[in-house]
Amino acid sequence: MSDEKQGVWRRPREGAIVSGVALALSRASGFSPRTARVLFVALALLGAVLALAFALFDHAILGRFAAQGLRPALIGMGLLLAFSYPILALALPTEERPRRWDFGSALGGLIVLVGIGQALGVLLAPYWKSAKAEYVQGEGAWFLTWIGPYRAEHGLGPKEAVLLLFFLSGGAFVVFERKAVKAFFRSMHVGVTLVALTTLSVTAGVLVPQIDGFEDPEQRVDLAREEQDFRLFLERGYQKLPAELQDGHEQYEAFRWAEGYFVYHLLHLYGIGMPEGALTPSMRESLERFGEKYGTEERENREKQMKAAFSGQEKVNKIGAFIHRHEPEFWRFFQVSTVLDLNRTYKSHWFAALLWCLGIAVFLSAYKNWRLERARILHGVWVTLGWTAFSCALKLFGAIELPWGEFLPIAAAFGAAFLLLGEGVPRSTLSLQKLGFFVVHNGMLVLLIGGFVSKLFTDRGILNLFLGEAAQSTYFRHYDTRKRARMPFSVRLDEFARKEWRALNVYFPQEEFTSQPPAYTLWDGRTIDLDYVEDEGGPRPRLRVRVDRLHDRVEVGTPLVSEAGSDAQPFPLAEVWLGGTEQGRRYMSPLVGQSQSYRHEILRDAEGSYRLGGAHGDDPLAHFPGSRAPIGHLEVTVVGEGDGAPRSFPVRLGEELEVQGGYRISLVDATTDFHTHEGGPEHAMDGAPLADQPRGRAALWVDIIPPAGGEAERRVVLEDFDAVQTGQQERYFHSKVLLELAWDDWSAPGPPRYLLCWRSDGSSALICETGETLPAELGKPLALPGGEGVVPQRFFERAEVKSNLRFLESSRTGGWDRDFYAPGPRGAELTVILDPGTTDEVTVPVRLATDEFAQSNLWFSPDGRVVLHFLENTEGFPFEWRSVLSILKPDAHGTVVDLGEEEEREIRVNDYLYYGGYRFFQSNADPREPTYSGIGVVFDPGIPLVLLGMYTIIAGTVVAFLLRPVVLRRKPEVQG
Amino acid sequence: MNGWIRELHFLEGGLSGSTLWLRASTALCALTVLFGAVAAFEHGRLARGSPGASRARTRTLEWATFTVLLGSLMASFASVWRRGIEVNHFPSQTMSEVLVMFTLALLASMAVLHFALRLRDFGPGWAILGDAVLVLVALGAWGTRVYVSTLSTAQRDLPPALQSYWFPPHLSALIFSYATLGIAGAICAVYFAIRFWSGVFSGGRRARSQFLTFACLALLPFVHVVTLPLILAVGLVFLVLKLSGHLPARDAVAGMERTMDEVSYRAFSVGMPFLTAGLFMGAFWAQEAWANYWGWDSKENSALITWLVYVLYIHLRWLGGVRGEKAMAVLMGGALSVFMTFQIFGYLPDSQKSLHRYTDDSVVPREGQQGTASDESARLERDE
């Protein structure tokens, strides 16, 4: 076996250029060559340790030194010393015994290299920052012009001189010791150690939570600043810290929770010793009834979910206690992780240095016997032309997104690489026995090069666009609103919609289940069996719902009402015409008590002059709320308390509620017209009385006080807002307290109240809140304030209401699907089969829409046992977000660029828009802002290279492992 | 098609068709274990030349065992197919769905390896090894389904990111590779168990090696459910052999170890391309979904760690010529990494903010919430 294969490091031949100088130095000093070697080794090690220490602990130690010029100079001197040894050692006599690399020395050598890489990364970072600023500006030949601004800001001095010396000495080392360098990287022990180190590094990044925004190269945790406030944080808690200190501790909060969660589970393997959720007998009884209605599988799933919820909260409490007991250890670990860059592993300089070493090793190993002969150059030219033609074909078929001007030079560069590298490779390497691994190695190289290009040039951020607003060319880099970058064109949001999954809730009102029924997501052809009953053949369903067809657009007309209802279940209803015209037809049912009014049954005019409700029978005055009537209801759920079912509390401002778990909720303030201001929602409290505020979106401000008087939380609860689904819930201080607000349009303060009353004897009247009775005659406007007339047309005693739905066909003729952006309701055609498979089988066609108007979203079974509720499910994941974008050039008029087919302008998750080197993808949406679309922006020229590398690696492994059995090398077997 | 689908309603009793098929497959798994154990016993009798043992009898048992395995595989496939119809998407979103897919892949891998390895062609002694592996795999599938029965089977809607044509190939490639590499790891576990007990009963092993072997098998976290029963079962077999005077000679054990090394390598060779393809298909998918082929998410990193461990194995084996204990230890490490990526990922520290936590019922994935800027000053000055 040759020395190179064994990783032997031999000195170069005597007579090298600098050997005369070095010999003279050795003679002049009087030291023997052996002594000189020892001294040089010691100096080199000292230099390497210095460089390593200063680079790695730069944050904690040198951050305290004000002399910024001292640090890089010290690091540079260390690097210079580290490389002085190999240069001067050229003069020393050749050793007789060759050196070999083993795992230990390989590890040591690689650690030194990685340390040097970290040091270099710290030193070169300011230069790259300057260069990238020029690059991001897009001002042309940035690689020539960046030096000027850097020199103006920082100046050029000793540090640059030291760096120059380092690069010269390092370059000399690589040149003169090139055989040793090649032997080092080609050594099996070094290769294996490299892979092992890479694995360990990636593992470190998994075992240490990475900081939020670690992809931002400037994102750091400032330990020096936080250390002095750590005690304050422990005493007061995170939210009491000043805003500028909260960010660092937010990182620590996330860190200690993640580590505590992991360690706790490590100490309780297989769940041994962890709390188990237990169900009470009443819960089990309820579950049995639940299973009879919804099926055995639903019942089992519900039981598992309930147990997981109960045990989950207790587990969270135990983990919290565990963390609290070991707070100092977690804090120390956080400090060490920050100092060593373990919490931003993948963007650290040492990790990049490791990947550099890996790339060099892969390259040198793959092209070990490279030698280019003249005879093969012509062959290589043909290969290059073939490759260029192939890649042009890929471009024509749309597999490559780059414009021709950028693509052709890259393709040519690849072709040249093929020529130079490929033709110098021995034929044996291209045989089927070795081809697979050669291809894999080349794939790795391309991937690493692409990754390096990505590291240098990637810019990523978010573009916040709103419907109806002007185009924008500025995006927030790394999702930080303080960092802006400008694109050479503008982007405008033309369309945006978020669609939910269509679902069916099935209620059994007589069962009075406390928990939510399952929401069955619907699709064409789905069949759902429910309401099981024991039969002689076993359990059989009494209800079957089949989805015939779903519709994206439906027109909800005024329902068809007739006096054909059941005598057993009278249904009083009043038909009124707003504005006196049939287009304003509405139906009003009587209010059921003070606390159960429904918004669609309360009529209001646009100016807010009145509120009109319905009443049937005697004593209409009982429907007017008193002065202390609640303005709404607050549904309170405290996770882990009781059976998990929400409890409803009336909302009266100024009162304090005692809810589950010992919490108290103080009802502070409310508004009927919530909107955000630039300063945040806390500034959106409207000073006007509730009665004078317009009816927009209601909101309630509460103070949540925990048991035993701990830290209180001020929270705003929005109407129709699911904090859990939007992720907002986990950001609350008391995140286990879930609140939902149901505003009562009738009893809350507002415009004057009126009741339209009718009786079974045919009489009717308009009752004012003051008690005054006014006439209410059919066909004549009611004496209501304001300009819009309300004319009662008919009164029903036993109304039968049929929905009036018209399903519309798709209007798509080309381009994107405009129906997706239509804001109207969506529909479903169902078939309900009662008692299927029996002689009593009854089939009922049902048409529903996701609109509450005229209860178009509800279906009631004739016997009243079952209610179907068709809805757009906002509690789960949305079905999809889509946006349609336009690209505008920044001239005076804003020219819209023609991007070809309209479909290309529409983006969604898994389908982005590419233009001008930028990629725009659907990043997020905010249910609180229906016109907002978060568009992710990525500029990354390394993407095609990385993807090409990945495909190449896949192809190589297929060749190596599946197409041809590996030819085993006849190496001596190493038995363990 | 719609008419046919309409007829596929849930069976009586409120149990879905997929659940019923799964239970049938699980029952057949148990039967496979039984048949495999009987086949191993008969192969042992044949190897010892016991009276009454015949090649024809063992062949019949071999085919019966394989037929039952095939039946379990087909029932498992039917379960997955029905589940796909019931949830209207590729059934690999919830943990229960993924684990059922995994057991399908286990059985499929075993069916493929049964022919690829052809251990029975080497004689009844090697056939016992083949039976042992088959029993182990069937037990693994059965045990996994017992665990699945404790998980919720509720249908979950696909988040937008999962609505991609990459979903089936990415999941399928990875799960098949996990199954195959898991089988390779199981063979390694059997190897170490045999090695340990042969050292106990026959000697010839260094104390340090014995201690390390036992410690790893007994103390390695997360895999005790496999390694502890295995070491006990193999110990029992060795005890029986010792008492009956049929303890294998050292060179026979050494030969078996070499064969196991080769067999585990072949199983690895099948799985490695699928692991590579599955890993990078995830990158292609991430590129389409988030224009970010590699976000250093902990799920991606866990899969990368697994891949790197196997790359380490390749380099040790081919460049270093390492065989036997060291190579098998690395292969077992890879199997452990597969398990960590597959099942333990959600507990890892960096996973708490992962975008990939779709299978955890208690976690709302962060998809669609990354970088939400609308709660800050989202409205910029207008471009003039």
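Just the heavy atoms: all of them, side chains too, but no hydrogens, waters or symmetry mates, feed the values below.
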**Q** Quick check on B:Ser337 against chain A: is it the side chain, the backbone, both or neither that has a heavy atom closer than 4.5 Å?
**A**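 Interface part for B:Ser337: neither.
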**Q** Side chain, backbone, both or neither: which part of B:Leu279 has an atom under 4.5 Å from a heavy atom of chain A?
**A**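 Looking at B:Leu279, nothing touches chain A.
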**Q** Under 4.5 Å heavy-atom distance to chain A, tell me which part of B:Tyr165 shows up: side chain, backbone, both or neither.
**A**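 Contact with chain A: none, neither part.
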**Q** Measure from the side-chain N and O atoms of B:Gln93 to the backbone N and O of B:Asp157, and report whether any donor-acceptor pair falls under 3.5 Å.
**A**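 Yes, because the side chain of B:Gln93 sits within donor-acceptor range (under 3.5 Å) of the backbone of B:Asp157.
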**Q** Is any side-chain heavy atom of A:Tyr912 closer than 4.5 Å to one of B:Gln287?
**A**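 Yes; the side chains approach each other to less than 4.5 Å.
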**Q** Quick one: of A:Thr198, A:Leu194, A:Val938, A:Val202, who has the most non-hydrogen atom pairs under 4.5 Å with chain B?
**A**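 Looking at each option in turn, the highest pair count goes to A:Val202.
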**Q** Heavy-atom cut-off 4.5 Å, strictly under: side chain, backbone, both or neither for B:Ser149 against chain A?
**A**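 Backbone only.
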**Q** Check ring pair (Phe, Tyr, Trp, His ring centres under 6.0 Å) between B:Phe284 and all other residues, then give those that pass, not counting sequence neighbours.
**A**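 Testing B:Phe284 for ring pair (Phe, Tyr, Trp, His ring centres under 6.0 Å), a comparison that skips the adjacent residues, returns A:Tyr951, B:Trp166.
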**Q** Contact part of A:Asp535 toward chain B, heavy-atom cut-off under 4.5 Å: side chain, backbone, both or neither?
**A**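 When you check distances to chain B, no heavy atom of A:Asp535 falls under 4.5 Å.
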**Q** Does a side chain donor of either A:Asn924 or A:Tyr932 reach within less than 3.5 Å of an acceptor in the other side chain?
**A**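 Side chains of A:Asn924 and A:Tyr932: pair found under 3.5 Å.
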**Q** Pick one of side chain, backbone, both or neither for B:Leu348, based on which atoms fall under 4.5 Å of a heavy atom in chain A.
**A**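 Contact with chain A is through both the backbone and side chain of B:Leu348.
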**Q** With a 4.5 angstrom heavy-atom cut-off, is it the side chain or the backbone of A:Leu266 that approaches chain B, or both, or neither?
**A**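 Answer is side chain: those atoms of A:Leu266 sit under 4.5 Å from chain B.
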**Q** Going by heavy atoms in the side chains, are B:Phe280 and A:Leu447 under 4.5 Å from each other?
**A**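 A side-chain contact exists here, since the closest heavy-atom pair is under 4.5 Å.
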**Q** Among A:Val195, A:Val206, A:Leu200, which residue forms the greatest number of heavy-atom pairs with chain B at distances under 4.5 Å?
**A**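 Maximum pair count with chain B is reached by A:Val206.
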**Q** Quick one: which of B:Ala283, B:Ala154, B:Ser298 has the most heavy-atom pairs under 4.5 Å with chain A, could you say?
**A**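 Counting heavy-atom pairs under 4.5 Å, the top option is B:Ala154.
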**Q** Taking only residues two or more places apart in sequence, or in another chain, which ones meet A:Glu292 in a side chain to side chain contact (heavy atoms under 4.5 Å, CB included)?
**A**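 If we apply the side chain to side chain contact (heavy atoms under 4.5 Å, CB included) test to A:Glu292, skipping adjacent residues, there are no hits.
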**Q** Heavy-atom cut-off 4.5 Å, strictly under: side chain, backbone, both or neither for A:Val946 against chain B?
**A**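 Contact with chain B involves the side chain of A:Val946 alone.
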**Q** Side chain, backbone, both or neither: which part of B:Gln155 has an atom under 4.5 Å from a heavy atom of chain A?
**A**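 Side chain only.
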**Q** Here's a test for you: under ring-ring contact (aromatic ring centres under 6.0 Å, His included), which of B:Tyr265, B:Tyr310, B:Trp318 qualifies with A:Phe961?
**A**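 When B:Tyr265, B:Tyr310, B:Trp318 are each tested with A:Phe961, the ring-ring contact (aromatic ring centres under 6.0 Å, His included) holds only for B:Trp318.
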**Q** Under the 6.0 Å and 45° cation-pi test, does A:Arg526 pair with A:Tyr520?
**A**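 A:Arg526 over A:Tyr520 ring: no.
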**Q** Output the option from B:Leu312, B:Val309, B:Asn88 having the highest count of non-hydrogen pairs under 4.5 Å with chain A.
**A**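 It is B:Asn88.
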**Q** Kindly determine whether A:Leu522 and A:Ile528 satisfy side chain to side chain contact (heavy atoms under 4.5 Å, CB included), including the steps that lead there.
**A** CA-CA 10 Å; A:Leu522 302 184; A:Ile528 307 163; 4.2 Å; yes
**Q** Please work out whether the ring planes of A:Tyr918 and A:Phe939 are parallel, tilted or perpendicular, with thresholds of 30° and 60°.
**A**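 Tilted: the ring planes of A:Tyr918 and A:Phe939 meet at 30° to 60°.
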**Q** Can you tell which part of A:Val208 gets under 4.5 Å to a heavy atom of chain B, answering side chain, backbone, both or neither?
**A**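 Contact with chain B: backbone only.
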**Q** Chain B heavy atoms under 4.5 Å from A:Ala196: which part of the residue, side chain, backbone, both or neither?
**A**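 The answer is both parts of A:Ala196.
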